2 protein chains.
Amino acid sequence: MKITYKGDYSLKAILDLALHYNKGVLPIQELAKKGDIPFKFLEQILLTLKKGGFVDSKRGVDGGYFLARPPETITVGEVVRFIEGPIEPVACANKDSYEKCKDFPYCVFKDIWSHVYTATSLVVDTVTFAELVRRVEALKNSNIETPYYI
Amino acid sequence: MKITYKGDYSLKAILDLALHYNKGVLPIQELAKKGDIPFKFLEQILLTLKKGGFVDSKRGVDGGYFLARPPETITVGEVVRFIEGPIEPVACANKDSYEKCKDFPYCVFKDIWSHVYTATSLVVDTVTFAELVRRVEALKNSNIETPYYI
DNA sequence: TATAATCTATACCAAGTTAATAGAGATTAT
DNA sequence: ATAATCTCTATTAACTTGGTATAGATTATA
């Protein structure tokens with residue numbers, strides 16, 4: 001699994017929308033500013049996330065984006081898989097792709113990739129955006145200095 | 001961590017050399033044939049691995065490559081890091097890169113990437129090529145059908 | 001109804017990476 | 001001498017990444 005800027009920006013935007021869940025829309029401009037994300041790039045990303053059912057939007061004046069599903073139901077892993085593709089280090093780590101590799105029955109590496117895949121999934125598929133919101137709130141209430149915008 | 005063909009070929013070649021450790025050299029031609037690897041591509045890869053101190057070579061007639069270090073001392077993780085670069089999903093997962101990210105103190109994602117990094121390292125840094133050789137030998141002695149070349 | 005703010009859609013592009021291929025040269029056993 | 005082998009550098013086609021550009025559609029509100 002490798003996280004590109006596109007994935008990073010996606011996660012940041014969704015977290016911002018989760019922090020604003022049930023509180024109306026947030027325009028792209030604001031999300032871009034908050035996340036220090038190039039505006040036109042974020043436009044594309046949000047359109048993709050909309051097609052993926054993660055977010056929804058309202059057009060026109062006072063328009064913007066909002067989370068299409070409750071934060072408890074969205075995991076980091078789901079977003080990463082949607083934006084970045086499969087999280088396994090090689091295709092054969094996924095059981096569905098086993099048969100594609102001619103070396104499958106006797107390859108001593110496949111167990112390694114499977115273990116990496118399992119361990120990675122365990123992390124990213126168990127963290128929801130509701131949990132991330134709680135962590136942000138905890139940071140807000142701590143004495144750690146946070147930028148004004150959180 | 002993503003494994004490219006270069007990484008895959010590197011691991012296969014080193015495993016073949018580990019299976020032949022202390023038994024003379026193996027020419028690139030043979031390694032390429034065994035691993036189903038494009039000859040000229042493998043030439044480049046082995047030169048890189050030689051510069052990395054993993055393998056060494058003998059030129060001329062009856063020349064070839066051999067493992068430069070005992071199989072017990074080479075881990076999958078070391079080869080992957082050398083060929084593919086850092087295994088963490090984002091730079092900030094590495095403690096040395098923390099300060100590069102302006103969001104570091106309050107980013108709620110960095111723990112996720114750190115956990116992925118730790119879990120991945122635990123897998124790839126604990127498997128040596130001596131262990132892989134043992135697994136290949138075990139497969140040989142099992143009733144699983146293996147291609148003649150192992 | 002005009003306008004400005006906002007999202008939608010598609011095209012384009014520069015730089016870098018990947019997975020090779022090509023060819024000329026150096027070394028060495030026989 | 002020669003053939004087998006490694007060494008080194010250049011080249012390339014296809015793809016990915018991280019954007020930018022432009023034109024259009026929608027909608028609140030003055």
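In what follows, chains are A, B, ... by sequence order, proteins preceding strands, each numbered from 1. On a predicted model such as this, the values are computed, not experimentally measured, just so you know.
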From [atom1] of [X] over to [atom2] of [N], roughly how many Å is that when rounded to an integer?
X: Leu47(B); N: dA20(C); atom1: CG; atom2: P; value: 17 Å
X: Leu42(B); N: dT5(D); atom1: CG; atom2: C1'; value: 13 Å
X: Ile83(A); N: dG18(D); atom1: CD1; atom2: P; value: 12 Å
X: Gln44(A); N: dC12(C); atom1: CD; atom2: P; value: 14 Å
X: Lys6(A); N: dG19(D); atom1: NZ; atom2: P; value: 12 Å
X: Leu49(B); N: dC6(D); atom1: CG; atom2: C1'; value: 14 Å

query: Are Tyr65(A) and dT6(C) close enough that a side-chain N or O sits under 4.0 Å from OP1 or OP2?
result: no
message: Is there a side-chain contact between Ser57(B) and the phosphate of dT5(D), meaning an N or O under 4.0 Å from OP1 or OP2?
response: no
message: If you assign Phe41(A) and Leu26(B) each to the DNA chain D nucleotide with the nearest heavy atom, which residue ends up on the more 5' nucleotide?
response: Leu26(B)
Mind checking if [X] touches a base, just sugar-phosphate, or nothing, with heavy atoms under 4.0 Å?
X: Phe39(A); value: nothing
X: Leu46(B); value: nothing
X: Gln29(A); value: nothing

- request: Count the heavy atoms belonging to other residues, nucleotides or ligands that lie under 6.0 Å from OH of Tyr5(A), then report whether that count exceeds 12.
  value: no
statement: Across every strand shown, the nucleotide meeting Watson-Crick or G-U wobble geometry with dC6(D) (both distances under 3.5 Å) is dG25(C)
Contact between [X] and [Y] at the side-chain level, heavy atoms closer than 4.5 Å - yes or no?
X: Val80(B); Y: Val76(B); answer: yes
X: Pro89(A); Y: Met1(B); answer: yes
X: Ile14(A); Y: Tyr65(A); answer: no
X: Thr128(B); Y: Thr73(B); answer: no
X: Lys140(B); Y: Glu137(B); answer: yes
X: Ile87(A); Y: Ser121(A); answer: yes
X: Leu67(A); Y: Phe129(A); answer: no

field: Sidechain N-carboxylate O distance under 4.0 Å for Asp125(A), Arg81(A)
entry: yes
field: Salt-bridge criterion met for Arg134(A) and Glu131(A) (N-O under 4.0 Å)
entry: yes
message: Walk along nucleotides 13-18 of chain C from 5' to 3' and tag each nucleotide B, S or - by protein heavy-atom contact under 4.0 Å, base first, then sugar-phosphate.
response: -----S
- line: Scoring nucleotides 25-30 of chain C by protein non-hydrogen atoms under 4.0 Å (B base, S sugar-phosphate only, - none) yields BBBBBS
message: What I want to check is whether an N or O donor and acceptor connect the side chain of Glu43(B) with the base of dT21(C) at under 3.5 Å.
response: no
task: Could you tell me whether the side chain of Lys40(A) has a donor or acceptor atom within less than 3.5 Å of a complementary atom in the base of dT22(D)?
output: yes
